[in-house]
Visitor: 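Got a structure here, written out as structure tokens. Questions coming.
Chain A is the first sequence line, chain B the second, and so forth, proteins listed ahead of strands; every chain is numbered from 1. No experiment lies behind these values; they were computed from the predicted model shown.
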Protein chains: 2
Amino acid sequence: MDPINKFRAYIKAQGLRKTPERETIIEEIFSIHDHFDVDELFLRLRNKKKRISKASLYRTIPLLIESGLIREVYFEDGHLHYEPIYGHKHHCHLRCTTCGKIIEFTDDAALKVQERISKKYGFVATAHRFELIGYCPKCAQRDGVQKKQQLYKENTEKKKQDANDEHEKRP
Amino acid sequence: MDPINKFRAYIKAQGLRKTPERETIIEEIFSIHDHFDVDELFLRLRNKKKRISKASLYRTIPLLIESGLIREVYFEDGHLHYEPIYGHKHHCHLRCTTCGKIIEFTDDAALKVQERISKKYGFVATAHRFELIGYCPKCAQRDGVQKKQQLYKENTEKKKQDANDEHEKRP
DNA sequence: ATTATTATTGAGATTCAATAGCAATAATAA
DNA sequence: TTATTATTGCTATTGAATCTCAATAATAAT
């Protein structure tokens, strides 16, 4: 069953309506095959002359989550991201705190942990999220774990300097 | 080493300044022993006649994260939450999508997965986040879609009410 | 097919967590 | 004690996400 039909089933079960907007959104998301945010999605649709309002995107996303087509992913830039999960192999994320890079990995052990813990707590788990936070190979090698804070400080001070330079340039 | 001193070491290393506001914030957070959001923290401080501006809370939190005292936790009510981690046993979360309830659990297997995956990808993991999403024992039984938002709202608002109650109890 | 009902859309207004700017204050170093 | 400047609190601002509401269009009923 493709995402559209999966969604139609959900729509019918909930007594909601099938609309071209919703299906266009699903088509676009499942042509991305990667994580996205609302702005990105909106832009991609616009570039294809599909004029769907952001309000509709925001209203559709919860339905896509409820129907199991996508899920939220938490990055660290202050707003939500999403990724298609239906028809995609479940994966987890490695997130580099230095460069922000996201590496995906699959792991079966996490699934077993899910089952064991669920049983232990009488919890019916429908999903899990497993994420490793740290340093990607490049950043771990280049910086060393200890240098991070120093680099961070240098970076932030550089920013201030840049801001000053820019300011002083003005006539 | 207690959280305050851990923070003082960080402050010194970064060339920042020790202030009573920052230390009051740390004291409050580590007296909670549980997750919190900025509003809650602000209210609790106010109830104790500690008048610290929200701006300072927002400015201090990144320092607490950087120094390893707290971490972000992602719930689903549209804004960030945090929890103390320094001196606390690492734990993971079960999150009920019906009532919003959070159950904590500890698990060593997750740590082993972290080690194995890190080695595999050449990633230097400093932390992991493992979360199970589904239905808590109560909700798994009654399972009503209509009740979802109502229950969720009740749970998340209960906390704020508790904070107020606590204040009113004081003589 | 036609009509009635009402969910959905789009545009703009609104909310609110989070950030930024600025003058006053206070922590550190000299 | 004085000088330097990070920090604070207040206010204004940003921007993601939500809400309002009239217009539209999807479904059910006739």
Side-chain angles (χ1 to χ4, degrees), chain A residues 4 7-26 35-43 45-46 49-67 70 72-82 153 156-157 159-164 166-167, chain B residues 4 7-8 10-26 35-43 45-46 49-66 72-82 149 152-153 156-157 160:
Chain A
I4 297 282
F7 186 70
R8 285 180 183 167
Y10 172 79
I11 282 297
K12 177 160 273 182
Q14 298 291 318
L16 304 174
R17 289 180 184 174
K18 177 164 93 74
T19 73
E21 287 82 2
R22 286 171 178 170
E23 303 206 341
T24 300
I25 291 167
I26 293 169
H35 56 80
F36 62 92
D37 59 23
V38 170
D39 251 45
E40 255 175 271
L41 183 55
F42 180 74
L43 273 176
L45 288 166
R46 279 212 135 210
K49 312 299 177 197
K50 308 285 173 62
R51 311 188 122 268
I52 297 174
S53 71
K54 279 194 183 174
S56 287
L57 298 186
Y58 279 111
R59 280 184 293 228
T60 301
I61 281 169
L63 303 179
L64 301 183
I65 292 173
E66 274 296 316
S67 61
I70 68 173
E72 286 182 347
V73 286
Y74 306 111
F75 298 154
E76 304 211 320
D77 57 352
H79 65 276
L80 283 170
H81 292 245
Y82 309 90
K153 204 188 171 192
T156 50
E157 280 175 357
K159 259 187 145 178
K160 279 185 188 170
Q161 196 53 52
D162 289 349
N164 284 333
E166 201 171 322
H167 174 57
Chain B
I4 298 282
F7 186 70
R8 285 179 183 167
Y10 172 79
I11 282 297
K12 178 158 272 182
Q14 297 293 317
L16 303 173
R17 288 180 185 174
K18 178 163 93 75
T19 73
E21 287 82 3
R22 287 171 177 168
E23 302 205 342
T24 300
I25 292 168
I26 293 169
H35 55 80
F36 62 91
D37 60 23
V38 171
D39 251 45
E40 259 175 83
L41 183 55
F42 181 74
L43 273 175
L45 288 166
R46 278 212 136 210
K49 312 297 178 200
K50 308 284 174 64
R51 310 189 123 269
I52 297 174
S53 71
K54 280 195 183 173
S56 287
L57 298 186
Y58 279 112
R59 280 184 292 229
T60 301
I61 281 170
L63 303 180
L64 302 183
I65 293 172
E66 274 296 314
E72 285 183 348
V73 286
Y74 305 111
F75 297 155
E76 304 211 319
D77 56 351
H79 65 275
L80 283 169
H81 293 244
Y82 308 89
Q149 290 170 351
Y152 186 83
K153 208 182 168 193
T156 50
E157 279 175 0
K160 277 188 186 169

Visitor: Check the distance between C:dA27's C1' and B:Lys12's NZ and give it to me in whole angstrom.
Guide: 13 Å
Visitor: Applying the Watson-Crick and G-U wobble criteria at under 3.5 Å, what pairs with C:dT15? Answer none if nothing qualifies.
Guide: D:dA16
Visitor: Give the rounded distance in Å between these two atoms: NZ of A:Lys54 and P of C:dG12.
Guide: 13 Å
Visitor: Picking from C:dA27, C:dA17, D:dA17, which would you name as closest to the side chain of A:His79?
Guide: D:dA17
Visitor: For B:Phe42 versus B:Ile52, what's the shortest heavy-atom pair and its separation?
Guide: CE1-O, 3.2 Å
Visitor: If you check the A:Pro20 side chain, which of C:dA27, D:dA26, C:dT8 turns out closest?
Guide: D:dA26
Visitor: To the side chain of A:Arg17, which of D:dA16, D:dA26, D:dG9 is closest?
Guide: D:dA26
Visitor: Taking the side chain of B:Val38 as heavy atoms from C-beta outward, which of C:dG10, C:dA18, D:dA16 is closest to it?
Guide: C:dA18
Visitor: Using heavy atoms to find the nearest nucleotide of DNA chain D for B:Ala55 and B:Ile11 separately, return the residue whose nucleotide is more 5′.
Guide: B:Ile11
Visitor: Measuring from the side chain of B:Glu21 (C-beta onward, heavy atoms only), which nucleotide among D:dT27, D:dT4, D:dG9 has the closest atom?
Guide: D:dG9
Visitor: If we call it a pair only when both distances are under 3.5 Å in a Watson-Crick or G-U wobble match, what pairs with C:dA30?
Guide: D:dT1
Visitor: Would you check if the side chain of B:Arg22 reaches a backbone N or O of B:Arg17 as a donor-acceptor pair within less than 3.5 Å?
Guide: yes
Visitor: Distance check needed: C:dA29 P versus B:Leu16 CG, whole Å only.
Guide: 12 Å
Visitor: Over 60° means perpendicular and under 30° means parallel, so classify the ring planes of A:His35 and A:Phe75, tilted if in between.
Guide: perpendicular
Visitor: Within this structure, what is the CG-to-C1' distance between B:Asp37 and C:dA18, rounded to whole angstrom?
Guide: 13 Å
Visitor: Using the side-chain heavy atoms of B:Asp39, tell me which of these nucleotides is nearest: D:dA17, C:dA17, C:dT9.
Guide: C:dA17
Visitor: Find the distance B:Asp77:CG to D:dT18:P and express it as a whole number of Å.
Guide: 11 Å
Visitor: Please state how far atom NE2 in B:His81 lies from atom P in C:dA17, giving the value in whole angstrom units.
Guide: 10 Å
Visitor: How close or far is atom P of D:dT8 from atom NZ of B:Lys50, stated in whole angstroms?
Guide: 15 Å
Visitor: Nearest to the side chain of B:Ser56, heavy atoms from C-beta on, is which of D:dG9, C:dT8, C:dA27?
Guide: D:dG9
Visitor: When you measure only distances, ignoring hydrogens and angles, does the side chain of B:Arg59 come within 3.5 Å of the base of D:dT7 through a donor and an acceptor?
Guide: no
